[in-house]
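All remarks here apply to the structure that follows.
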Amino acid sequence: MDFIIEAVLKAVKHLYQTDITADSVNLQETRKEFEGQVTIVTFPFIKFSCKSPEQTGAEIGEYLKESLPQIAAFNTVKGFLNISLTDTYWIDKLYQEILPEDFAVFKPNGKKVMVEYSSPNTNKPLHLGHVRNNLLGFSLAQILSAAGYEVIKANLVNDRGIHICKSMLAWQLYGNGETPISTGEKGDHLVGKYYVIFDKEYKKEIEFLKSEGQTEDEAKKNAPLIKSAQEMLQKWEAGDEEVINLWKTMNTWVYDGFGKTYNRLGVEFDKFYYESNTYLLGKDIVEEGLAKGVFFEKPDGSVWIDLTADGLDEKLVRRSDGTSVYITQDLGTAQLKYDDFDVNESIYVVGNEQDYHFKVLFLILQKLGKSWAKGLYHLSYGMVDLPSGKMKSREGTVVDADDLIDEMEKTAKEQTEALGKVNGSTEEEKLHLYHTIGMGALKYFLLKVDPKKRLLFDPNESVDFQGHTGPFIQYTHARIKSVLSRAEVDFTNQIDITALDAVERDLIVVLTQYPAIVSEAASSHNPALIANYIYELAKTYNKFYHEKSILQAEDGLLKIFRLQLSSASAKVISKGMALLGIEVPERM
RNA sequence: GGUCCCAUAGCUCAGCUGGAUAGAGCAACUGAUUUCUAAUCAGUAGGUCUCAGGUUCGAAUCCUGAUGGGAUCACCA
């Protein structure tokens, strides 16, 4: 559309002897209720045209129509100049841009980006909150890759710490040697069960101590269980063989379980980092910060950074006993990531409860003068809430990821069977289809919403399969494929056609927007833009499908043209959904 | 208390680099299937865009303040 903006600049110069910049030309899509496809807002021009908005629009419109053959007509409504481009312009778009293989294939931009997501704790199974994280991270990685980046998907596994010791200890005390094999339970669920048991027993101890007259805080500190867990952590850090072996064993169970869930979610990683390897990192950065005078030491030996000038607080980076805190590790890990992959950008997909942490982290790295600090980005997303409030693993009030996926597949099966359209498929094909549709519904449900907004999930109200949903889009794809499969003509060559109906034109207009949407989703780190665009596309296609016959088109050329248009739509739907990590079926 | 995020139809959400009569879906109601998949399409109804100011030719959008909701401000991670 740049050629229109250029022409407007010329028009303004010619008509009003005024030079304006390209970004002062407000070009937008014409609203559906008006004639045209592109609209220029002419209000800003009346200052120097010294005429009414309508007149100004008409003059510019006249000039544009004279100078640009692509313009068929124009009309003005108040300060809006609506331009209709010729049908041949749109037909050319279809043949020159959309149908060729390289449509929306971005050239490599030479930049490398790491997307860190998932980052689970190895003491409990994944829940709905993690699902949102995983889907966002994976989708963002797909989008960045499509936009020309080289992407490294990383997972920093939280495999050590007091919370891990809690489930280990509870298993030791109450587990009777249970294993995933002996119980048939998925490893992460088995370990998670003991995490919950720990909390239950711990609470009992606290109550008991309180009944003996201790305060809440005292009881929490003095409970035998928490003391044992702390002891265990110390043994772990000291490399105690028995503890390490137990830790390794239980982690293996968890990884096995996570692997299965990741698989079902359709997410993957190129690089795993383990906190057990990285938790001691960052000490040299503390030294570096002290040497540079960015950090300062307090009399008790603790090391701090003063961020009050930046509107933040003083932040501890090393304890008085010389040990690290959370942010120290993260400083070290950030450096490690950069050293490992030499990335230009590094994205952290982490919930918004850590907004402050990342603000501080990035600021510290900037103050340390790290050249790569400006490429750091925190993709902060909102919590997933239940009607009953926040999910808490410890209390078992979570929507478990595996259960949820089961539920989605079950619903997909019921819906599909009720419609009875795929009765001819094999059992294996059907199972795959139920998975595809169920996950399509879930993924779309979670990804269509702006990441930063909190999300309400009501387990009693199943995720919809109709309307603005994943299955709606999948259905549109299957429907197109069905038509294409019935076409007994070769529809690969450009055919000679010069006129379009409104629905056909609308569809081409929407299709041409796809590459710009991908760029925008990449630069704003927002998969929801893709999700909402694809919905718009599917809706536009369905309207076209209803109004126009494809296989029974009025003549042979038109039939081929509509098949091509359908094929292009299926392609873009499929590509766009892939960016969300959603498969589209051939039949459903 | 300081800081950050959110507030649009009964519900779930778009729209936010200022532009036309604020859009979808769900739920409710009406209609469309001898014709390519009705998980579809067309329509009816549903709005003081939380409130109050300000900037502007023009504000859901920008600014200030208030209200409501959430998060965060650990020698926890």
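In what follows, every heavy atom counts, from backbone to side chain, and hydrogens, waters and symmetry copies are set aside.
- Atom-to-atom, CD of A:Q466 to P of B:rA28 comes out at 12 Å; the value is rounded to the nearest Å.
- Proximity of the aromatic rings of A:Y348 and A:F362 is defined here by a centroid distance below 6.0 angstrom, and this criterion is met.
- Side-chain atoms of A:D330 and A:H357 include a donor-acceptor pair closer than 3.5 Å.
- Across all strands shown, A:M383 has no heavy atoms under 4.0 Å from either base or sugar-phosphate atoms.
- A residue-by-residue look at A:R479 and A:R31 shows that A:R31 has its nearest nucleotide of RNA chain B further toward the 5' end.
- Here A:K452 does not reach the OP1 or OP2 of B:rC4: none of its side-chain N or O atoms lies under 4.0 Å away.
- The interatomic distance linking A:I305 (CD1) with B:rC75 (P) rounds to 16 Å, in whole Å.
- Ring-base stacking between A:Y535 and B:rA24 is not satisfied when judged by a centre separation under 5.5 Å and a plane angle under 30°.
- Residue contacts for A:V41: at a heavy-atom cut-off of 4.0 Å it reaches a base atom on one of the strands shown.
- Counting any heavy atom pair closer than 4.0 Å across all strands shown, A:N121 reaches no nucleic acid atom.
- Contacts of A:K539 with the nucleic acid, taken as non-hydrogen atoms under 4.0 Å apart, involve only primed sugar atoms and P, OP1 or OP2.
- Nucleotide B:rC5 holds its P atom 14 Å from the NZ atom of A:K453, rounded to whole Å.
- Scanning atom types as modelled, no donor and acceptor separated by under 3.5 angstrom connect the side chain of A:S482 and the base of B:rC36.
- Within the nucleic acid shown, A:K548 comes within 4.0 Å of at least one base atom, counting heavy atoms only.
- A:I437 comes within contact range of at least one nucleobase, with a heavy-atom separation under 4.0 Å.
- Using a 3.5 Å distance cut-off with no hydrogens or angles, the side chains of A:Q28 and A:N26 do pair a donor with an acceptor.
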Chi angles and distances behind the salt bridge (Lys or Arg N to Asp or Glu O under 4.0 Å) call for A:E237, A:R160: CA-CA 9 Å; A:E237 286 184 4; A:R160 52 139 256 131; 3.1 Å; yes

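- Within 4.0 Å (heavy atoms only), A:R318 reaches no atom of the nucleic acid at all.
- The phosphate of B:rA14 (OP1 or OP2) has no side-chain N or O of A:K448 nearer than 4.0 angstrom.
- Across all strands, A:T39 comes closer than 4.0 Å to base atoms (heavy-atom distances).
- When rounded to the nearest whole Å, the span between CZ of A:F34 and C1' of B:rG19 equals 12 Å.
- Within the 4.0 Å cut-off from OP1 or OP2 of B:rC76, at least one side-chain nitrogen or oxygen of A:R319 is found.
- Within the 4.0 angstrom heavy-atom criterion, no nucleotide atom of any strand lies near A:Q474.
- Here A:P44 lies in heavy-atom contact (under 4.0 Å) with a base.
- Evaluation of A:F43 against the base of B:rG58 yields no stacking contact (centre distance < 5.5 Å, interplanar angle < 30° required).
- As judged by a 4.0 angstrom heavy-atom cut-off over every strand, A:T416 is placed among the base-contacting residues.
- Residue A:K543 has a polar side-chain atom (N or O) positioned under 4.0 Å from OP1 or OP2 of B:rA42.
- One interatomic measurement links the two molecules: NE2 of A:H468 to P of B:rC11, which rounds to 19 Å at whole-angstrom precision.
- For A:N82 against B:rA20, a side-chain-to-base donor-acceptor contact under 3.5 Å is present.
- Counting to the nearest Å, the P atom of B:rA14 and the CG atom of A:L446 are 13 Å from each other.
- Cation-pi geometry between A:R479 and A:Y545 is met: the NZ or CZ atom falls under 6.0 Å from the ring centre, inside 45° of the normal.
- Comparing A:Q329 and A:A412 along RNA chain B, the residue whose closest nucleotide (by nearest heavy atom) sits nearer the 5' end is A:A412.
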Evaluation steps, salt bridge (Lys or Arg N to Asp or Glu O under 4.0 Å), between A:E231 and A:K227: CA-CA 6 Å; A:E231 246 168 64; A:K227 290 200 157 175; over 6 Å; no

